[in-house]
Amino acid sequence: MPSLQESKLAFIGGGNMASAIIGGLVSKGVNKQNIWVSEPWDVNREKIAATGVQTTTSNVEAGGQADLVIIAVKPQVTKSVCEELAAAWAQRDTLPVVVSIAAGITLGSMQQWLRTADGRTAHIVRVMPNTPALVGEGASGAFPSADVTGEEKELVNALLSSVSKATEWVDKEELLDVVTGLSGSGPAYFFAMVEHLVASATALGLSKEQATRLASQTCLGAGRMLTESSDDPTQLRKNVTSPNGTTHAALQTFEALGFQDTVDKAVKAATDRAAELGNTLGKL
């Protein structure tokens, strides 16, 4: 198995997440000539071509001989793309490793769609990234098919490390739905929190611009403390909460209004919806 630096990489789909990963790879010195992108939309393709990687409108030209293929298309077209690639791989002695970031599409569906005429199928890793990957601060969950080797997992880790600061391999595929409810949808939870903090502070007299800057930096600073401190979130919360102080008053209000229950229900709702979409999309 070639290393990431030596591999021919193919991105099937050139949307935001694919662009983010490509940007991360290029910034880490991966040879642009080894990166191919298949993208039907002229605007996306021209934008990606400007980075110096190879672009095409043909999935087969991009992925036919690749070592690592990243499926980054809309779930609704994943089946047709996979079947096209499987037909092109029929004459290959060794099949590529496939990374799917197509939301909701299960390994079972991917294995069926990627099966070649002689009954072989590529080794597949499902990945749930999140939008902070666009600024190199992503968090990803991953689950491999049973035939994925340790060496292949390391190749996928190297790929994801270009945009993800945390990649967690889960033990069961259904846990990717929980990852979706936690980190996949999670950025929106923080954006909503900052949105409401800004509105509250504005109502109490701060300008919207001041409130936005203060709330945004507070969110960033707290996030860095979480990732860089040896303390867990509970201890970090305690560290900033003096008895009968201002933070204590705010947290008591959260508790009285059912904050924990609200978070539990929100993450569960996103997890359940992810599972529901997976069941529906897998039948397409």
Side-chain angles (χ1 to χ4, degrees), residues 1-13 17-18 21-22 24-25 28-31 34-38 59-60 62-73 78-79 81-129 133 138-180 183 278 282:
M1 189 78 207
S3 68
L4 187 66
Q5 294 284 346
E6 300 167 332
S7 297
K8 178 183 176 182
L9 310 176
F11 289 80
I12 310 302
M17 194 59 66
I21 297 173
I22 291 165
L25 292 171
K28 289 184 178 295
V30 173
N31 188 343
N34 289 344
I35 302 174
W36 279 79
V37 185
S38 172
N59 296 330
V60 172
Q65 297 301 318
D67 302 302
L68 181 62
V69 177
I70 299 90
I71 305 293
V73 298
T78 303
K79 180 179 180 181
V81 165
C82 288
E83 290 176 342
E84 181 183 10
L85 289 171
W89 295 339
Q91 304 305 314
R92 287 184 55 165
D93 294 331
T94 303
L95 298 182
V97 176
V98 173
V99 172
S100 172
I101 60 174
I105 303 297
T106 64
L107 280 182
S109 295
M110 295 288 295
Q111 288 170 323
Q112 177 183 344
W113 301 338
L114 287 171
R115 187 167 294 122
T116 61
D118 59 1
R120 296 177 299 151
T121 191
H123 296 182
I124 306 166
V125 176
R126 273 190 68 191
V127 173
M128 170 50 64
S140 299
F143 182 78
S145 57
D147 46 17
V148 170
T149 66
E151 189 178 13
E152 289 168 341
K153 286 180 69 173
E154 286 307 309
L155 182 66
V156 175
N157 275 331
L159 174 78
L160 295 177
S161 70
S162 65
V163 291
S164 286
K165 293 294 179 67
T167 297
E168 299 295 333
W169 293 81
V170 296
D171 296 329
K172 297 182 290 186
E173 186 173 8
E174 54 265 34
L175 290 177
L176 283 179
D177 296 330
V178 182
V179 172
T180 302
S183 56

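Residue numbers count from 1 along this sequence.
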Practice task
Go through Val60 and Glu84 one step at a time and tell me if the side-chain contact (heavy atoms from CB on, under 4.5 Å) criterion holds.
Solution key: CA-CA 7 Å; Val60 172; Glu84 181 183 10; 3.8 Å; yes

Problem - Minimum heavy-atom distance between Met110 and Thr78, given as atom pair plus value - result: SD-CG2, 3.8 Å

Practice task
Kindly compute the distance separating CD1 (Ile22) from CZ (Phe11), expressed to the nearest 0.5 Å.
Solution key: 4.5 Å

Handout entry: Over all atoms of both residues, closest heavy-atom pair of Gln65 and Lys8
Key = O-CD, 4.0 Å

Practice task
Mind running side-chain contact (heavy atoms from CB on, under 4.5 Å) on Gln112 and Lys79 for me, showing each step along the way?
Solution key: CA-CA 9 Å; Gln112 177 183 344; Lys79 180 179 180 181; 5.9 Å; no

Handout entry: Exercise: identify the closest heavy-atom pair between Gly63 and Ala10
Key = CA-CB, 3.7 Å

Practice task
Output the distance between atom CD (Glu83) and atom CG (Leu114), rounded to the nearest 0.5 Å.
Solution key: 9.0 Å

Report, one line per pair, each donor and acceptor closer than 3.5 Å where one atom sits in a side chain of residues 95-105; sequence neighbours left out.
from   : atom 1 : to     : atom 2 : distance (Å)
Ser100 : OG     : Ala102 : N      : 3.3

Practice task
Mind checking the CD1-CD spacing from Ile124 to Gln111? Nearest 0.5 Å is all I need.
Solution key: 5.0 Å

Exercise for the section: For the residue pair Asp67 and Leu155, establish whether any side-chain heavy-atom pair is separated by less than 4.5 Å. Expected result: no

Handout entry: Separation of Asp177 CG from Thr106 OG1 (nearest 0.5 Å)
Key = 10.5 Å

Handout entry: Leu68 side chain reached by Leu4 side chain, heavy atoms, under 4.5 Å
Key = yes

Exercise for the section: Determine the minimum heavy-atom distance between Arg120 and Ala90, stating which atoms define it. Expected result: NH2-O, 3.3 Å

Handout entry: OG-CD1 distance between Ser38 and Ile70, expressed to the nearest 0.5 angstrom
Key = 12.5 Å

Problem - Flag, side chain of Thr116 to backbone of Trp89, donor-acceptor distance under 3.5 Å - result: no

Handout entry: For the student: nearest non-hydrogen atoms of Gln5 and Asn34, plus distance
Key = O-ND2, 3.4 Å

Handout entry: Approximate separation, where rounding is to 0.5 Å, of Thr180 OG1 and Met128 CE
Key = 3.5 Å

Show the atom names and distances, to 0.1 Å, of all donor-acceptor pairs under 3.5 Å that link a side chain in residues 167-175 to residues at least two apart or in another chain.
from   : atom 1 : to     : atom 2 : distance (Å)
Trp169 : NE1    : Asn157 : OD1    : 2.9
Glu173 : OE2    : Leu107 : N      : 2.7
Glu173 : OE2    : Arg126 : NH1    : 2.9

Practice task
For Ser162 and Leu25, work out which heavy atoms get closest and say how close.
Solution key: CB-N, 3.7 Å

